[in-house]
Structure formats: C-alpha cells, structure tokens
*Asks:* 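Pasting a structure here, questions to come.
Given the structure is predicted, the values throughout are model-derived calculations rather than measurements. Just so you know, ligand 1 is whichever comes first in the structure, and atom 1 is the first atom listed for that ligand.
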Amino acid sequence: MIIVVGSLNMDLVVRSPRLPQPGETLSGGPFATYPGGKGANQAVAAARLGARTAMIGRVGTDGFGEMLRISAEVDQVDVTHVLPTPGMSTGVALITVEVGGQNTIVIAPGANAALTPEDVDAVAPLIAAARVLLLQLEVPLPVVIRAAAIAHAAGATVILNPAPAPIKRLPPELLAHVDYLVPNESEAAVFLDESGGVPPEVLARAVSAVCGVPNVIITLGAGGVAMFGPNGVTILPAFRVQAVDTTAAGDAFVGGFAVALSEGLPPTEALRWGCAAGALAATRPGAQSSLPMRDEVLGLLDGRCEPAP
Ligand code: RIB
C-alpha cells in the first residue's frame with residue numbers, strides 16, 4: 001500500500017499569454033478549477049496507476065473540501081483520514097499557466113496548515129503498514145518528520161518531494177528517515193550553498209552527500225531526470241511530448257516512481273515509470289485532471305502509443 005501524508009488544494013487556474021511581471025496586470029484566457037495539492041495529486045497519481053493508496057490530510061468544511069474528498073475517492077484513494085476541519089478554509093492554489101505550459105503558483109494553505117503530528121500518531125499503524133510513504137512540504141514540517149519516522153522505523157520506503165522549496169535546509173531528524181529525496185533543480189539548489197551551472201548528476205551526488213540521503217533524484221522537466229544512488233549515477237532523458245500545462249507533472253513523476261518501486265521494480269525502471277507519468281501529465285491541462293492511467297503509462301513505456309494531447 002502507498003500512503004500519502006500531505007496537502008489537498010483546489011486549484012484556481014487562469015491561462016495567460018505569458019507570466020506577468022511584478023506590478024503588471026495581464027488579460028488572460030479561460031478560468032478553470034481543478035482538484036490539486038501536491039499530496040492529493042501524488043495520491044491520485046499512484047491510485048490511477050493501480051496502487052492501493054490512502055491519503056492523510058485536512059480540508060475545510062466548505063464546498064471545496066467536500067469536492068476534493070469526493071474526487072480523490074472517485075479515483076479509488078482511501079480518504080477516511082482526510083479530516084474536515086471546522087473553522088478553516090480548504091487549501092487553495094492560485095495558478096497562472098502560460099502558453100508554453102510553464103506556471104506560477106501561490107498557495108493559501110488553509111486547513112493543510114492545521115494537520116498535526118497527533119493526527120499522524122492517530123494513524124500510525126496504517127503508516128507503519130505502508131510499503132511506500134510519500135511526503136511533500138505543503139503541510140507543517142513536524143507532521144512530515146513524524147510520518148517519516150514512523151514509516152522508516154517500520155521498514156517502509158520513504159520518498160520526500162521537497163516542494164515547495166524549503167526556505168532553509170531540512171533538519172537532520174527528517175533527512176535521516178528519507179530513502180529517496182526527489183527535488184527539481186531549484187529545490188535541489190536550496191540544499192547547497194552554490195549550485196549554479198552544476199551538471200545535474202553532480203548536483204544529485206552533492207545533495208546526497210550534504211543531506212545524508214542515500215538516493216537523490218533531480219527532476220529536470222524536459223531535460224529528464226538524474227539519480228544518484230548506491231549504484232552511482234543514472235541519467236534518463238524525458239519522453240518527448242508537446243507540453244500544454246506542466247502543473248502536477250512532478251507529482252505524476254513521484255506517483256509513477258512510487259508505484260513501480262512498490263511493485264518491486266528496480267529504481268532505474270521506476271525512474272522510467274516516473275518519466276512516462278510526468279510526460280503524459282504535461283500534455284493535459286490541470287493537476288489531477290492531467291494524471292495518466294496505468295494503460296497509458298505502460299503504452300508509452302512499451303512504445304505502443306504516442307502520448308495523446
Ligand atoms: O504540484 C502542483 C500542485 O502544487 C498544484 O496542484 C497546487 O495545488 C500546488 O499544490
């Protein structure tokens with residue numbers, strides 16, 4: 001089973017000819033709402049790829065919260081432990097997407113910020129029974145640390161996607177419990193004093209050394225991925241796709257990687273799963289709306305099909 005401890009957000013998205021400059025007002029295109037949040041996106045990504053998946057998090061008692069719980073449940077995510085939180089609004093992400101698919105995101109965490117270590121303790125047996133635990137940084141750090149400690153002590157594989165980028169280095173009491181750290185390039189830079197112009201494979205090795213995490217995977221978008229682990233460096237190119245919206249492509253990568261690992265595939269093969277899931281997600285608008293099904297990922301991995309727009 002895959003357990004996700006993390007955020008649920010309603011994404012409020014506007015498409016724009018380009019990303020605005022500070023102080024600038026732009027007239028954009030259509031507006032849409034999509035279920036999102038890095039935690040929920042990774043849970044839905046794993047469930048669509050066939051893993052038994054449960055989510056631990058908090059939403060408000062507003063309409064957005066109920067919609068997020070229902071949509072994750074429709075995707076077969078167990079939301080028993082997604083708790084409605086009286087007096088709090090559900091997390092919201094304000095997202096601008098430009099024509100090339102790149103985005104900017106500002107989050108109002110709402111109920112995500114109310115998740116506590118005690119909430120995690122209440123489901124400790126569930127976390128301890130997981131094969132893989134997925135964590136991000138959109139819920140309070142003490143929550144992430146507690147969940148990682150429980151899973152690690154029970155022998156689960158702990159994957160931390162340090163997004164959004166931490167404002168300062170993560171504490172050793174968290175990193176000691178992490179098996180795979182999966183930052184993008186800018187998130188990876190936070191772990192080092194100087195990273196400009198460093199090749200990704202060198203960056204991955206350096207982050208592993210600084211953090212003491214055995215495996216570091218740096219996601220590079222259209223540049224693919226670089227992993228440093230006990231067997232050295234692995235670099236994989238990205239699947240070539242026409243990106244329309246990169247929102248949640250990183251979450252799709254993490255979900256795909258986690259599912260493959262949970263099925264016993266070697267990490268190098270799991271990287272391919274992650275790359276395929278991430279590439280497919282970039283071809284479609286929205287967060288959870290863009291996440292691929294298992295057949296689509298297998299089709300891309302087998303070369304049986306081209307990613308559909
Ligand atoms: O990773 C994409 C996600 O980041 C969006 O769905 C948004 O909610 C923010 O959490």
*Asks:* List every atom of ligand 1 that sits less than 4.0 Å from any heavy atom of Gly36, numbering the atoms from 1 in the order shown and giving each element.
*Replies:*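 So the answer, numbered in order with elements, is 6 (O), 8 (O).
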*Asks:* Considering only heavy atoms, which of Val106, Asn41, Val254, Leu94 lies nearest to atom 3 (C) of ligand 1?
*Replies:* Asn41
*Asks:* Measure the acute angle between the ring planes of His177 and His152, then classify it against the limits of 30° and 60° as parallel, tilted or perpendicular.
*Replies:* tilted
*Asks:* Can you confirm whether the side chains of Asp251 and Gln42 place a donor and an acceptor under 3.5 Å from each other?
*Replies:*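 Yes, a side-chain donor-acceptor pair sits under 3.5 Å.
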*Asks:* Considering non-hydrogen atoms of the protein only, which is the closest contact for atom 9 (C) of ligand 1, and what is the distance?
*Replies:*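 Heavy-atom neighbour on the protein nearest atom 9 (C) of ligand 1: Glu138 OE2, 3.4 Å.
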*Asks:* Using a 4.0 Å cutoff against the non-hydrogen atoms of Ala287, which atoms of ligand 1 qualify?
*Replies:*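 Reading through ligand 1 atom by atom, the close ones are 6 (O).
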*Asks:* Answer yes or no for Gly250: is there a heavy-atom contact with ligand 1 below 4.0 Å?
*Replies:* no
*Asks:* Quick check on side-chain contact (heavy atoms from CB on, under 4.5 Å): which of Leu261, Asn161, Val254, Val213 does Tyr180 satisfy it with?
*Replies:*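 When side-chain contact (heavy atoms from CB on, under 4.5 Å) is applied between Tyr180 and each of Leu261, Asn161, Val254, Val213, only Leu261 qualifies.
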*Asks:* With heavy-atom distances below 4.5 Å as the criterion, would you say the side chains of Val225 and Phe253 are in contact?
*Replies:* yes
*Asks:* Write out the residue and atom name of the closest protein heavy atom to atom 2 (C) of ligand 1, then the distance separating them to 0.1 Å.
*Replies:* Asp251 OD2, 3.4 Å
*Asks:* Nearest to atom 4 (O) of ligand 1, what protein heavy atom do you find, and at what distance?
*Replies:*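 Scanning the protein heavy atoms, the shortest distance from atom 4 (O) of ligand 1 goes to Lys38 NZ, 3.1 Å.
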*Asks:* Is the closest side-chain heavy-atom distance between Ile218 and Asn184 below 4.5 Å?
*Replies:* no
*Asks:* Establish whether Leu301 and Met227 are linked, either directly or via other cluster members, by ILVMFWY side-chain heavy-atom contacts under 4.5 Å.
*Replies:* yes
*Asks:* What is the closest protein heavy atom to atom 5 (C) of ligand 1, and at what distance does it sit?
*Replies:* Asp11 OD2, 3.3 Å
